[in-house]
Amino acid sequence: MFRLNRVKDLNDFPADGIRGVIFDMDGTLFSSQDLIVHCVNETSQKYLKRSLPHQDSLWSFGPPASNVIRKLAESLPDRPIHEAVDYYDTLYRRAFRDMAVAFHGVRELLGELDRVGKSLAVVTSETSTLSDYALETFSLRNYFDALITSDHVLKRKPDPEGIHLALRKIQLSPQECMLVGDSAADILAGKNAGLLTGAALWGSETWGDPRTANPDFLFSNVDELRGFFPRR
């Protein structure tokens, strides 16, 4: 059963009144941490001749991982930034089908939400090219009315810029929408934009425990999130 975190009375926030749901992508719709670490380390091995341990300062420049690659390339004499990013993107596409895993029940969840008329959007720190590729590969792209990526904003989460842009795209107010994400930055972005927030505890991969940001709801798995919304 999903758990209330900050909200005290579910009747104050009836799920049937939520007209739109904004999702994070990596760690929420599918698991990609192993893929990203693999691709970053392969790129680092090519250009720096070493892997990047988790504590390496270069990781602080992500997400998206392409920011890590840009910083890596900037440290080299010839600054092969575009070449290194292209190399990373190629590795990502090549390994995606083998290393990325869609979370159980995600496609069914999106199908049900779409069927009952919810507007759906993705706000991700990933680039447009890789976001489109990932969603298309998992056959999820058509469920979403809006896709906001790092290419569309100046400030990354927890800044609410991407959330505000998604709201404009789906033509809904913050009070009509819910944000679902697996990191503290996701939850803070939703809260900063005035949305109800749900922590996807089935993800919680790389960028911080979402519970530290006091989300309104905690969902242990995708089925709990499905059960939150009434079925017609």
For the residue pair [X] and [Y], what are the closest heavy atoms and their distance?
X      : Y      : value
Ser119 : Ile170 : CB-CB, 4.1 Å
Leu72  : Leu52  : CD1-CD1, 4.5 Å
Ser150 : Ser125 : CB-O, 3.3 Å

In short, ring pair (Phe, Tyr, Trp, His ring centres under 6.0 Å) pairs touching residues 141-160 with sequence neighbours left out are none

Determine whether Thr28 and Phe103 satisfy the following criterion, side chain to side chain contact (heavy atoms under 4.5 Å, CB included), listing intermediate values before the conclusion.
CA-CA 8 Å; Thr28 300; Phe103 289 113; 5.8 Å; no

Would you confirm whether Glu224, through its side chain, and Ser220, through its main-chain N or O, come within 3.5 Å as a donor-acceptor pair?
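Indeed, once roles are kept as given, a pair shorter than 3.5 Å links the two residues.
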
Under 3.5 Å donor-acceptor, Ser183 side chain and Asp186 backbone
yes

Would Asp56 and Arg50 pass as an ion pair if we require N to O under 4.0 Å?
yes

Could Arg226 and Glu112 be called an ion pair, given the rule that one side-chain N must be under 4.0 Å from one carboxylate O?
yes

Can you tell me how far CG of Leu196 sits from CG of Asp216, rounded to the nearest 0.5 angstrom?
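Atom-to-atom, Asp216:CG and Leu196:CG are 4.5 Å apart.
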
Are any non-hydrogen side-chain atoms of Leu91 and Thr43 less than 4.5 angstrom apart?
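With C-beta onward as the side chain, the pair touches.
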
I'd like to check Val180 versus Val21 (side-chain heavy atoms, cut-off strictly below 4.5 Å). Are they in contact?
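In contact.
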
If the condition is side-chain contact (heavy atoms from CB on, under 4.5 Å), which residues does Ala134 pass it with, not counting sequence neighbours?
Phe30, Tyr92, Phe96

Measure from NZ or CZ of Lys46 to the centre of the six-membered ring of Tyr87 and say whether it is under 6.0 Å with the direction within 45° of the ring axis.
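The answer is yes, since Lys46 meets both limits relative to Tyr87.
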
When you measure from the centre of the six-membered ring of Tyr133, is the NZ or CZ of Arg93 closer than 6.0 Å and no more than 45° off the axis?
yes

Checking Tyr88 against Glu42: is there a side-chain donor and acceptor pair closer than 3.5 Å?
no

